[in-house]
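Remarks on the structure that follows.
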Amino acid sequence: MLDELGRRLEAAGVVPHRLALRSAPDRGVGREGGAWAWRAFRFEAAHRLPYVPEGHPCGRMHGHGYLVVLEAAGGDPEALGEAWAPLGQALDRACLNDFLDNPTSELIAVWLWEQLRPRCPGLIRLHVHETEHSGCTYDGAQHTIWKAQRFEAATCVADADDTRARLHGHGYRLRVHVTAPLDRVLGWTLDYGDVKAAFAPVREALDHQRLDTIAGLESGDVASLAAWAARAARQRLPELLRVDCYERDGVGAIAWPE
Ligand SMILES: Nc1nc2c(c(=O)[nH]1)N=C([C@H](O)[C@H](O)COP(=O)(O)OP(=O)(O)OP(=O)(O)O)CN2
């Protein structure tokens with residue numbers, strides 16, 4: 001089905017960089033070069049981070065509803081379910097400090113990678129979402145973390161010949177992705193809280209504003225907005241990898257800082 005979809009898009013003049021098909025809310029397949037399958041799993045667990053500075057909230061015992069997404073070569077989400085089953089059973093309603101000394105998202109991802117790789121040799125990467133606003137991706141070598149942000153704004157798309165040319169508005173969602181080596185003591189790349197704080201002035205410049213009146217954003221479209229946010233964030237966050245910007249579910253743009 002994915003191949004047929006790819007053929008039809010190409011016939012219509014669209015050459016997708018990456019094509020993904022969600023067959024159910026928790027699974028799907030994709031194509032980017034070769035084919036891959038993905039599947040999402042949830043577990044509810046407690047943890048504390050023993051090496052954070054005194055007074056950091058994550059030093060206290062607390063908990064999260066974790067979401068893990070596995071991506072593996074081939075096109076079989078069922079095989080991912082079989083590989084995950086024993087881990088899901090062990091981790092759900094458990095305390096992660098019983099498995100790991102310092103269960104940051106990044107070190108949970110490494111631990112999961114080591115557990116899963118022998119059972120799932122095609123594993124390409126995995127994602128650990130600690131909350132709805134923060135998460136980490138690991139590919140066996142490198143970590144990327146992201147922090148989600150929201151803002152509300154009006155806009156008007158200058159060169160649109162449809163309703164986007166009218167003054168309208170969106171509840172925009174951004175994901176700010178950062179990549180850096182792991183801190184040896186803290187066991188993370190950068191604190192999610194520090195990413196949020198570094199990005200805060202960029203968010204504040206956009207929130208409750210009319211975007212097409214901001215210098216550099218006159219075109220008012222979501223691709224320009226993602227590029228603008230990536231440029232602005234890069235000045236405060238040298239580790240910035242990219243910014244994903246959605247004006248609504250399924251409509252957005254990704255920008256890498258120049
Ligand atoms: N890079 C990492 N940073 C942080 C980790 C981590 O594992 N890796 N963990 C934590 C805490 O566990 C914390 O509970 C989750 O962080 P955060 O996203 O900041 O949580 P909030 O829900 O409070 O965030 P808001 O979006 O600001 O509400 C901290 N950092």
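Just so you know, ligand 1 is whichever comes first in the structure, and atom 1 is the first atom listed for that ligand. Keep in mind that the numbers below use all heavy atoms, side chains included, and drop hydrogens, waters and symmetry copies.
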| query | Are any of the N or O atoms of H56 closer than 3.5 Å to those of ligand 1? | reply | no

| message | Quick test of your reading of the model: are E132 and R175 salt-bridged, counting only N-O distances below 4.0 Å? | response | no

| Is any NZ, NE, NH1 or NH2 atom of the basic residue among D249 and R173 found under 4.0 Å from an Asp or Glu carboxylate oxygen of the other? | yes

| Only one of V176, V178, I145 forms a side-chain contact (heavy atoms from CB on, under 4.5 Å) with Y192, so which one is it? | I145

| task | Output the distance between atom CZ (R166) and atom SG (C156), rounded to the nearest 0.5 Å. | result | 10.5 Å

| query | Would one find an N or O of W188, backbone or side chain, under 3.5 Å from an N or O of ligand 1? | reply | no

| query | How are the rings of Y66 and F43 set relative to one another: parallel (under 30°), tilted (30 to 60°) or perpendicular (over 60°)? | reply | parallel

| Between E4 and R7, is the closest basic N to carboxylate O distance under 4.0 Å? | yes

| query | Looking at atom 9 (N) of ligand 1, what's its closest protein heavy atom, distance included? | reply | E130 OE2, 3.4 Å

| Numbering as shown, the atoms of ligand 1 that approach E106 to under 4.0 Å (heavy-atom distance) | 1 (N), 2 (C), 6 (C), 7 (O), 8 (N)

| said: In the complex you have, is atom 23 (O) of ligand 1 within reach of the protein, judged by whether a heavy-atom distance drops under 4.0 Å? | reply: no

| query | Got a salt bridge between R93 and E44, using NZ or NE/NH1/NH2 to carboxylate O under 4.0 Å? | reply | no

| message | I need the atoms of ligand 1 closer than 4.0 Å to a non-hydrogen atom of S105, numbered in the order shown. | response | 6 (C), 7 (O)

| query | What part of S134 sits under 4.0 Å from ligand 1 if we count only heavy atoms: the side chain, the backbone, both or neither? | reply | side chain

| note | Heavy-atom proximity to atom 20 (O) of ligand 1 ranks first, among K196, R60, K147, for K147

| query | Quick one: which ligand 1 atoms are inside 4.0 Å of a heavy atom on D191? | reply | 3 (N), 4 (C), 29 (C), 30 (N)

| task | Pull out every atom of ligand 1 sitting under 4.0 Å from any heavy atom of H64, numbered as shown with elements. | result | 12 (O), 14 (O)

| query | Which ligand 1 atoms does T104 reach within 4.0 Å, using its non-hydrogen atoms? | reply | 7 (O)

| request: Using a 4.0 Å heavy-atom threshold (strictly under), name the region of V52 that reaches ligand 1: side chain, backbone, both or neither. | output: neither

| Quick one: which ligand 1 atoms are inside 4.0 Å of a heavy atom on C58? | 10 (C), 11 (C), 12 (O), 13 (C), 14 (O), 29 (C)

| message | Using a 3.5 Å cut-off on N or O atoms only, is L190 in polar contact with ligand 1? | response | yes

| Y51-H56 side chain donor-acceptor pair, cut-off 3.5 Å | no

| Between H129 and W146, ring centroids under 6.0 Å | yes

| Proximal atoms of ligand 1 relative to H47 (non-hydrogen, under 4.0 Å) | 12 (O)

| field | Heavy atom of the protein closest to atom 16 (O) of ligand 1 (residue, atom name, distance) | value | Y192 CD1, 3.6 Å

| message | Regarding R242 and D244, does a basic nitrogen lie under 4.0 Å from an acidic carboxylate oxygen? | response | yes

